[in-house]
2 protein chains.
Amino acid sequence: MKRTDLGKLPCSIARTSNLLGDWWTPLILREAFYGVRKFDEFAGRLKIGRNVLTQRLNRLTDENILVRKRYQDKPLRYEYRLTDKGRALFDVLAAMIRWGDDWLAEAAGPPIELVDINTGKVIRPIVVDAKTLKPIEPRNIDVRKGPGFPNNMKL
Amino acid sequence: MKRTDLGKLPCSIARTSNLLGDWWTPLILREAFYGVRKFDEFAGRLKIGRNVLTQRLNRLTDENILVRKRYQDKPLRYEYRLTDKGRALFDVLAAMIRWGDDWLAEAAGPPIELVDINTGKVIRPIVVDAKTLKPIEPRNIDVRKGPGFPNNMKL
DNA sequence: TAAGTGAGTTGCGCAAGTGAACTCACTTTG
DNA sequence: CAAAGTGAGTTCACTTGCGCAACTCACTTA
C-alpha cells in the first residue's frame, strides 16, 4: 500500500522514522552491528523474506547507511558494511535496548547484554543532555523551531 | 499483509521495534509529547487516516504507553495521555532526533530544537554509558546473553 | 428539526509482506 | 562435460495494511 513520505517533514523524528520506521530495518541494523555482512547470513538469522531483505538492503545502501562492497571476484560476491552514518545509528538502537530492557523484559532480566570489549564490563545506555550530562525529563522540555525550519510552515 | 511477530524474540531491539517499528507510531508519540491528547488533534496535525490512528491509539493503550481517560461526561469524551512507560520512550525519540539532526538535517541546521523550560537552554541528546558517562563506541561493544535469555535458544 | 461536533467505522483500490519456488552466474565434483 | 552446489537475488500467489473519502453514532446547539 501507499505510504506517506515522512522524509520531507521538518522534523528529525519523521525523517528518522521514514528510515527506521518499519518492522525489519532495526533488526537488519542489529545484525550489521553483530558483524553480519552477507546476504544469506542476514536472511538466515532474521527469517525474513528474501525480497524484503533485498529491498531493505538496497534502501539502506541508497541512504548511505550501509555500503555494498565486493569481497570476491570469482565469482563476484558482495557484502554489506556499516558506514559512519550507519554506525551512528547505534545510539538509536541503544536507546531502544535500554527502553526494552526497562519496560518489556521479564522478571529474569534483559535478554541481551552489551559488554565493553576492553574492560569486560556491562554497558547500560542512557540518554542525557550533552552539556549537563543529566537525563532528560520530557516534562521539562519544550520544542521550538530550529535554524533548519522552513519559514512558510507551522510547527 | 501479514507481519512477523517480533515481540516474542529475546531481544529488546526486536521487542521495541515490534511497537515502534512503523511509520506513524513515533510521530503519534511525538504529538503526545507535544501535549496533544484528543483524537481529532492527532488526526489534524498528522494527516493520518482515521482508521490507522484509531488502530495505533488502541495498540498504544493496550501496551500501556498511553492511557485513555474520560475528560467529559456530556457528551462522553476521551483523551489519550502518556503513562510513565510512555514517557520513558522519550529517550528513543531523543536519540532519533539527535541522529536525524546530525545526519539528515540540511546545511541550515536542525528543523526543531529541544529547550529546557527552566533554563531556556537548548538541549542536545546524547547516548552514553550510565556508569562512565562516555559515548558508546559500537566497535568496542560485544553482545552476550543476559539473564532473561531463554536457555533453549541461540543468540 | 437541522446543523454541528468529536470519535470513530466502513469500503474500495492499491500496494507491501510472507513464504516458497525459481532464476542467474558461477564453482565444484565425479 | 553434465550434474550438483552455492550465494544472491527475483518471481509469484495469497494475505493483509494504508490512503482516502464517505459514513455512522451519540450527543449538543440554535
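Owing to the predicted nature of the structure, the values given are computational and were not obtained by experimental measurement. Numbers restart at 1 for each chain; the letters A, B, ... are given by sequence-line order, proteins then strands.
- In this structure, the side chains of B:T132 and A:D116 stay at 4.5 Å or more apart for every pair of heavy atoms.
- Side-chain atoms of B:Y80 and B:R37 form no donor-acceptor pair, as typed in the model, at a separation below 3.5 Å.
- When distances run from any side-chain atom of B:R68 to the nucleotides D:dT10, C:dA7, D:dC18, the shortest one goes to C:dA7.
- As rounded to whole Å, 12 Å separates atom P of C:dA16 from atom CG of A:D22.
- In this structure, A:Y80 reaches the sugar-phosphate backbone alone: every heavy-atom distance under 4.0 Å involves primed, P, OP1 or OP2 atoms, never a base.
- For B:T4 and C:dG17, the shortest distance from a side-chain N or O to OP1 or OP2 is not below 4.0 Å.
- Summarising the geometry, the separation between CD on A:E79 and P on D:dG9 is reported as 12 Å, rounded to the nearest angstrom.
- Rounded to an integer number of Å, the gap from A:I48 CD1 to C:dT18 C1' is 11 Å.
- A salt bridge links A:D84 to A:R87: one of the charged nitrogens lies within less than 4.0 Å of a carboxylate oxygen.
- Atom CG of A:D91 and atom CH2 of B:W99 lie 11.5 Å apart (nearest 0.5 Å).
- Of the candidate nucleotides D:dG7, C:dA7, D:dC18, C:dA7 has the atom lying nearest to any side-chain atom of B:Y71.
- Salt bridge annotation for B:R124-B:D101: absent, with no cationic side-chain nitrogen under 4.0 angstrom from a carboxylate oxygen.
- Under the 4.0 Å criterion applied to side-chain N and carboxylate O atoms, B:R50 and B:D40 are assigned as salt-bridge partners.
- With rounding to whole Å, A:W23 atom CH2 is found 9 Å from C:dT18 atom P.
- Nearest nucleotide to the side chain of B:N51, out of D:dC20, D:dA8, D:dC12: D:dC20.
- In this structure, A:W24 reaches the sugar-phosphate backbone alone: every heavy-atom distance under 4.0 Å involves primed, P, OP1 or OP2 atoms, never a base.
- In terms of phosphate contacts, A:T54 brings no side-chain nitrogen or oxygen within less than 4.0 Å of OP1 or OP2 of D:dA8.
- Atom CD of A:Q55 is separated from atom C1' of C:dA15 by 12 Å (rounded to the nearest Å).
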Mark up nucleotides 23-30 of chain D, 5' to 3', with B wherever a protein heavy atom is under 4.0 angstrom from a base atom, S wherever such an atom reaches only the sugar-phosphate, and - elsewhere.
----SS--
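- Taking 4.0 Å as the cut-off between side-chain N and carboxylate O, B:D22 and B:R56 count as a salt-bridged pair.
- The CG atom of A:L53 sits 13 Å away from the C1' atom of D:dT10 (whole-angstrom rounding).
- Following rounding to the nearest Å, A:D5 (CG) and C:dA15 (P) show an atom-to-atom distance of 16 Å.
- Rounded to an integer number of Å, the gap from CZ of A:F39 to P of D:dA8 is 8 Å.
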